[in-house]
J.: 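Please read through the structure below; I'll follow up with questions.
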Amino acid sequence: MGKFRYLPSFMTYFHTSLVSCSKMSCFMFNIYIYFFSLDRDQVLRIHVESEDHIQALKELEEDVDSGLDFWTHGFSTERPIDIRVPHSSLSAVKDFLKKNNVPFNVMINNVQELLDREKSEMVSNAKMERSTKSFNFAAYHDLETIYSFMDTLVASHPNLITKVHIGNSYENRPMYALKFSTGGVNRPAIWVDAGIHSREWVTQASAVWIANKIASNYGVDPSVTSLLGQMDIYLMIVTNPDGYVFTHTNNRMWRKTRSVKSGSSCRGVDPNRNWDAGFGGPGASKDPCSDSYHGPYAHSEVEVKNVVDLIMGHGNFKSFISVHSYSQLLMYPYGYTCTDIPDMSELHSVGTAAIKELTSLYNTRYQVGSICKIIYQASGGSIDWTYDIGIKYSFAFELRDTGFYGFLLPANQIIPTAEETWLGLKYIMEYFDECMFSCLLTLDLAPYLLNDENAMRQREGQMMSWWQIVQD
Amino acid sequence: MKTFCSVWLLLSLVELSPAPPASQEPPLACTGAPDPAPPQPETAEDMASTGDLEPTHYPARRAAQVALHYLNTHHGSPFRVFGLQQVHKASAEDVAAGGRKYKLDFSVTDWGSGSATMNKSSEEFFSNTTDVLNIAGPALRCSADVLFPRTERHSAPEVQLHCEALHQINSTAQEEDAFYQKYISPDSAVSARDIPDSFGNVSEEMQPFWRLARVAASFIMLRESSENTEFNMAKVASVTQQESSGEQLMLEFVVLLHDLPSQVTHKHTHRLWTLMDTEAVCVLTVCVCSAGDRSVEAAGVLVSRQRRQGPADRVAAQMPSRHQTPKLTL
């Protein structure tokens with residue numbers, strides 16, 4: 001049997017949380033899961049509570065025809081027992097367990113898939129730990145170094161991360177997004193971009209750290225693992241590579257792209273005034289020499305067009321998060337007008353809860369609000385466009401600090417900034433994860449969602465002990 | 001003991017254009033063409049901010065930032081610079097003479113203080129929400145009235161400010177004196193660029209210059225502020241010590257100011273004199289002289305901050321004579 005380092009998919013999360021409820025409702029939910037799971041071997045986790053249960057399991061063990069593969073040997077009430085059940089025996093085994101009132105839940109829906117992944121993962125594990133461990137996350141790096149880091153990360157997690165070449169910049173540099181995916185076809189996805197304004201160095205640096213964090217958390221952190229079980233994450237570390245290079249070679253304060261416009265000696269367009277949302281309206285400049293120049297027309301900048309094309313072509317993004325600095329804010333649309341969006345109260349409360357998580361780490365104070373009200377009216381912004389095309393969970397972060405160092409944040413603040421930002425990001429992703437599940441299945445899971453914290457803790461405990469067992 | 005309490009600041013050039021590439025030399029003193037005001041963002045939607053204001057929204061925050069610049073011009077030093085911590089309450093009303101007046105209740109922290117200047121009594125002001133890696137002192141509660149006039153040409157906002165316990169925070173006179181003594185020596189020729197550097201580093205030695213630049217920049221930021229701007233000093237492009245005349249420590253700063261709404265970084269050059277005064281009058285004076293090929297009237301700003309009482313004419317008499325002092329208006 002294979003050793004599994006991965007934690008089960010989202011379904012087991014909800015299933016686990018129901019174990020503590022009455023047998024009747026657990027029973028019904030089990031049946032639902034069974035119908036949902038289709039033709040796959042499953043791993044069932046048995047919660048032994050009495051001697052009767054142990055007897056029942058021993059009976060099962062003796063039935064060699066069923067082809068059961070016991071992962072846990074030695075039955076006791078002190079820890080759960082995991083059994084891989086071939087698909088052909090599933091209904092019989094489950095009926096047997098129910099008849100004997102033995103509580104169980106489905107841990108892994110598709111064993112084969114995980115086995116394959118696990119094998120190749122182990123091959124590159126050692127390599128991964130060596131190379132990304134030596135990367136200095138507490139320093140600012142140039143474009144070449146960041147791109148090389150991306151390659152290393154992808155090579156260490158070939159079954160989790162791929163590098164998506166979304167197009168080239170104005171000066172023909174490749175633009176890469178890291179796609180975190182555990183499979184599926186065109187799964188619902190979350191987009192995170194950093195460095196669209198090149199001088200905001202803490203954003204690219206934080207994104208590098210976050211990429212590494214997601215990669216190393218998969219299989220370890222229950223919520224990240226659960227999330228990636230059903231959703232993809234696209235992370236664009238350097239969204240404006242030309243500008244980023246320019247901040248290293250010429251002008252640390254460069255913000256825009258580096259495109260050339262005929263009729264002007266000034267280069268560059270503000271890539272966050274170039275989106276097709278209230279384009280050309282207030283809060284953006286017509287002057288090509290201005291730092292907030294909107295450009296000749298919407299999506300004129302190839303850097304913006306590449307992202308637009310990817311989002312439109314994919315068609316299944318559910319959340320879009322753009323990371324900027326500075327000011328310590330978490331914002332939702334709109335920027336181009338101060339009219340409230342229909343989803344204002346939901347996004348405001350998600351934002352408020354997200355910054356609570358962020359602040360919990362280092363007491364860094366953040367504010368929440370719409371772009372237009374909290375910072376300035378600004379037309380042609382990315383998250384306005386994404387919201388207007390139906391990506392409801394559109395947010396923009398402004399990271400540290402509040403003006404003391406401003407854009408020139410010392411490198412020793414990179415990791416703390418990344419760590420706290422990650423907590424905020426994670427909250428938004430988890431929120432969306434739960435919402436999506438309940439929205440998709442139309443089961444009333446509100447009571448279980450509200451019991452969230454307890455269920456999560458319980459599940460974490462169970463996951464951890466299970467992981468310990470299978471390590472043996 | 002003489003205290004370092006006189007600082008003269010001459011703004012020799014005000015250039016409100018977007019920052020050119022870093023390699024460009026700073027302009028010569030009193031030449032160049034200043035713009036009357038920074039480019040205003042095209043805010044067609046006026047946020048109609050009268051009555052009670054949301055403290056976390058930008059109208060309240062911008063007004064508080066103006067009060068903060070005012071605070072720094074009056075109480076800033078090479079060892080003390082205040083930063084905005086939080087706006088608690090804010091309201092605004094239109095005034096009869098045209099313009100809008102903001103009433104603010106907010107807290108500031110001393111960005112310049114490290115553990116050295118925190119004493120026991122300041123702990124009661126210590127807020128539990130300071131950034132861990134920022135060297136920030138205790139929080140001070142302030143209230144301010146900020147009036148943004150509505151005139152054809154831009155004119156500076158007017159501020160009335162009161163901060164609790166301002167005089168209870170540790171005096172930085174001793175450090176200021178040491179700083180002055182260190183750099184007044186004839187062989188001193190401080191010269192540095194890019195503070196902070198690209199990576200956010202500021203050496204120990206440059207910290208007081210960094211703060212002094214910010215205090216000086218506060219005069220400009222205060223003067224240039226409106227309801228449509230939100231200024232911060234992005235960096236000190238260069239600091240160059242000029243030949244001192246007698247007891248005057250003279251420094252020339254080139255700073256970059258960042259305006260949040262327009263995202264423009266403005267470059268400014270100013271010169272700063274210090275004066276050790278034995279007559280018990282200490283002033284911080286900012287003088288802007290401007291001339292140039294653009295059709296801008298000569299503009300001057302004389303702002304004096306008096307730590308102790310003293311006649312104004314003594315101040316005028318102590319202005320360095322070899323520098324052209326143009327007509328100054330308050």
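Naming convention: chains lettered A, B, ... in sequence-line order (proteins, then strands); numbering from 1 in each chain.
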J.: Pair B:Gln263, A:Tyr376 - check side-chain hydrogen bond (donor to acceptor under 3.5 Å, both in side chains), show working.
T.: CA-CA 11 Å; B:Gln263 288 292 345; A:Tyr376 42 60; 3.0 Å; yes
J.: Has B:Arg214 got a side-chain atom pairing as donor or acceptor with A:Phe404's backbone, closer than 3.5 angstrom?
T.: yes
J.: Locate the shortest heavy-atom distance separating A:Gly403 from B:Trp111; write the atom from each residue and the value.
T.: C-CH2, 3.8 Å
J.: When you look at A:Tyr140 and B:Ser198, which way does the side chain to side chain contact (heavy atoms under 4.5 Å, CB included) test go after all the steps?
T.: CA-CA 9 Å; A:Tyr140 293 109; B:Ser198 286; over 6 Å; no
J.: Can you classify the ring geometry of A:Phe407 versus B:His258 as parallel (below 30°), tilted (30 to 60°) or perpendicular (above 60°)?
T.: perpendicular
J.: What are the two closest non-hydrogen atoms of A:Ser292 and B:Ser262, and how far apart are they?
T.: OG-O, 3.4 Å
J.: For a quick test of reading the model, state the closest non-hydrogen atom pair linking A:Leu408 to B:Lys235 and the distance between them.
T.: CD1-CB, 3.6 Å
J.: What part of A:Ile375 gets within 4.5 angstrom of chain B, counting heavy atoms only: side chain, backbone, both, or neither?
T.: both
J.: Under the side chain to side chain donor-acceptor pair (under 3.5 Å) rule, collect the residues that match up with B:Ser107, sequence neighbours excluded.
T.: B:His88
J.: Checking B:Arg61 now: which residues fulfil side chain to side chain donor-acceptor pair (under 3.5 Å) with it, not counting sequence neighbours?
T.: B:Glu230
J.: Kindly give the heavy-atom pair with the smallest separation between A:Asp291 and B:Thr265, and that separation in Å.
T.: OD2-N, 4.1 Å
J.: Let me see the working for A:Arg365 and B:Gln86 under side chain to side chain contact (heavy atoms under 4.5 Å, CB included), right down to the final yes or no.
T.: CA-CA 9 Å; A:Arg365 188 195 291 276; B:Gln86 194 188 7; 3.1 Å; yes
J.: Can you say whether A:Ser327 sits under 4.5 Å from chain B via the side chain, the backbone, both, or neither, judging by heavy atoms?
T.: side chain
J.: Return the minimal non-hydrogen interatomic distance between B:Tyr58 and A:Cys372, and the atom names on each side.
T.: CE2-O, 3.0 Å
J.: Do B:Pro196 and A:Tyr405 have side chains that get closer than 4.5 Å, going by heavy atoms?
T.: yes
J.: To the closest 0.5 Å, what do you measure between CD (A:Gln377) and CG (B:Asn228)?
T.: 10.5 Å
J.: If you compare all heavy atoms of A:Thr402 against all heavy atoms of B:Asn232, which two are closest, and at what distance to 0.1 Å?
T.: O-ND2, 3.7 Å
